[in-house]
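See structure below.
In the text below, chain A, chain B and the rest are named by the order of the sequence lines, each starting its count at 1.
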There are 2 protein chains.
Amino acid sequence: MAHAMTNPTKVKKPPTMRDVAKLAGVSQPTVSRVLNEKDTTISISPETRKKVMDAVEKLGYRPNMHARSLRTQETKLIAVLIADITNSFYPHIARSIQSVAREEGFDVMIFNSDHVYDNEKLFCESVARRAVDGIIMVPIHLTEQDMRELYKQTGSPIAVLGQHINHPQIDVVYADDETAIYNATCWLINELGHHQLGFIGVPDILPPGPRRRRGFMKAVEKANLEIHPDHLIEGDFTLEGGREVGKQLAKLDCLPTALVVSNDAMALGIILELQEAGIRVPEDIAIVGYDNIPEATIIRPSLTTIEQNSSLIGHELSRLLFERISDSSLPARRVELPNDLIIRNST
Amino acid sequence: MAHAMTNPTKVKKPPTMRDVAKLAGVSQPTVSRVLNEKDTTISISPETRKKVMDAVEKLGYRPNMHARSLRTQETKLIAVLIADITNSFYPHIARSIQSVAREEGFDVMIFNSDHVYDNEKLFCESVARRAVDGIIMVPIHLTEQDMRELYKQTGSPIAVLGQHINHPQIDVVYADDETAIYNATCWLINELGHHQLGFIGVPDILPPGPRRRRGFMKAVEKANLEIHPDHLIEGDFTLEGGREVGKQLAKLDCLPTALVVSNDAMALGIILELQEAGIRVPEDIAIVGYDNIPEATIIRPSLTTIEQNSSLIGHELSRLLFERISDSSLPARRVELPNDLIIRNST
DNA sequence: TTGTATGCGTTATCAT
DNA sequence: ATGATAACGCATACAA
């Protein structure tokens, strides 16, 4: 059987510059020059350019990014670490990062940590091997030390959401959540007259945990209020976790009249479970969330919450990153985000 | 100024195998062998292995994936194209793909098309350059021809959600949405006694559009029902698009008594706008969605909808893909997904 | 068991 | 204006 036949087990490899060069009757470096016209000091004759472009077209040639990266140390690739892609807060961030990256001609690798440290470490590993041009991350457990290490290994610019990293090559976007929660709590106390408050936090190992709890505590202490220990509960940032908390609350003999919840996803779960148990929001218990995810306007009552503009966050993170990619001498920057209370019907 | 100082503009490059080899006092290929122990036919002495591992440890050596890929034609990278990362249907898919990929030792590039064709084409471009090991996609406008072309250029295994592609190397995961919508519509007519129905679709250029409309139409034709032209509207799969449709409906003199909507995101927007206008769901108008995204259980009334198990979808897509990555001789497969009606309170 | 040599597809530095 | 040639970091065929 010696027909001309396509080899079924081995895939035809894509054309290379050599193939283009051969077809165009020029040398391979000439093809490279034609394709990378950026260097204006060099010039090539119109006819060879045409020959080359025709060959490129005919063969459907695409440059091989791996070879290029190996040579140039540039990957045109950025890596993004987010904590939970199924929490509506994050997809909007990912979306605007992606859209900025696309404009800049970069591809995006997205990693979802599901809040687990091991996954965050795996992210660092992958990123080190892949030698990406930039890194955007929402670290949960990763320490400042981990991040310095990451920078040392990769040399890549890094932009971080939420953690105050002290490093010349790491830019930070953050919101003053402590103050925002302090203000919201004061508002519950002073404007709405609540005296029995509760707070749903997250374990202290999650960085926003202590900050947000502190904001709440400062406000109640300032007002000289006592907090019942049953009204201080920890969740895990997820809607399901919120449901657990909601069930726990529903069993209590005595509910707080107002609840500050560390994020919207949990607040949603709590509201759904409380309503399930016949407890009314806000009549029996007022609820304030944090994030202003889209569901906050879908749930009834709509959720009073502290806004984080996630599209803006993604935009700022990528702006900082790409600025640093094109100029690594930039000083480290911190951009603080607005963080306003949006009053709706859950309070 | 000739102090020993770190060069501030140029970043120290990461250690290579040569560095490891030099430090360990062996040759570079030996380091390669120690690190890729998979080949059991080859053996290396315990002492050199130790020397090498010590050097690796000391230098913090990480293999350079670009160099490796160039050599092996393997990237340990898959590319994923989804239509709208901010639609809760997709993040769950992305999440399970990511989690399977992580187990298999693969990284994931995610592209968000926002339903636009140009972005889908850019995806194909990027993926061709990047020579990924596999592709998972939820194409919206991409034609079968585009996908054959993509396969021809990349030679990478492809798994697709929703489109029935006829190609030996492209696996497909799909749901019989036409039948599911047909059944749901019949149920509205026969069990719930609705006679004035409406359907919110999407333009025919979006592939699910014709199928889902056909399912609806077949059911109403079978029941000999007339559909008022005002009750056939097209949206764009987004919640905001649903709001537009809702506003349009609210202005109508005569509403249908039941509405079948092509996806949940639009259904949510419609419900919110109708309620805004004082129209009650389901008393004034019953609504059925499609997808069963998490928000379907958050909105009040909770949304009756046709379930698509997005975690399962992601799982199946990645299973098919990784099976084909390890064995390209597999025949093309189609897996059909369950697609059951979940009855809640919007009907 | 280990070392030498080669090539993957590019870009960059020389020449010419 | 263009062509040789080398080098990026790694894996592998072959030699020792």
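- Between S311(B) and R95(B), the closest side-chain pair of non-hydrogen atoms is not below 4.5 Å.
- The distance between atom CD1 of I44(A) and atom C1' of dT2(D), rounded to the nearest whole Å, is 10 Å.
- Taken residue by residue, residues 52-64 of chain A places no heavy atom nearer than 4.0 Å to DNA chain D.
- At a threshold of 4.5 Å between non-hydrogen side-chain atoms, the residues V31(A) and V26(A) count as touching.
- Residues passing the side-chain hydrogen bond (donor to acceptor under 3.5 Å, both in side chains) test with N64(B): none are found, sequence neighbours excluded.
- Distance CE (M17(A)) to C1' (dA4(D)): 16 Å, rounded to an integer number of Å.
- Heavy-atom distances under 4.0 Å link DNA chain D to V26(A), S27(A), P29(A), T30(A) of residues 22-32 of chain A, given in residue order.
- Residue K76(B) contributes atom NZ, which lies 15 Å from atom C1' of dA11(D) at whole-angstrom precision.
- Residues of residues 65-73 of chain B that place a heavy atom closer than 4.0 Å to DNA chain C, in numerical order, are L70(B), R71(B), Q73(B).
- I97(A) places a side-chain heavy atom less than 4.5 Å from the side chain of I78(A).
- Ion pairing of E149(A) with K152(A) is present here, as a side-chain N (NZ or NE/NH1/NH2) and a carboxylate O approach within less than 4.0 Å.
- Using a 4.5 Å heavy-atom threshold, the side chains of D114(B) and D84(B) count as touching.
- Computed from coordinates, the L35(B) CG to dT12(D) C1' distance equals 15 Å when rounded to whole Å.
- Between K13(A) and dC8(C) there is no side-chain polar atom (N or O) within less than 4.0 angstrom of OP1 or OP2.
- Of all non-hydrogen atoms in S32(A) and M17(A), the two that sit nearest each other are CA-CE, 3.6 Å.
- Listed by chain and number, the residues in a side-chain contact (heavy atoms from CB on, under 4.5 Å) with D146(B) are Y117(B), K121(B), L142(B), T143(B) (sequence neighbours excluded).
- A heavy atom closer than 4.0 Å to some atom of DNA chain C occurs in no member of residues 124-135 of chain B.
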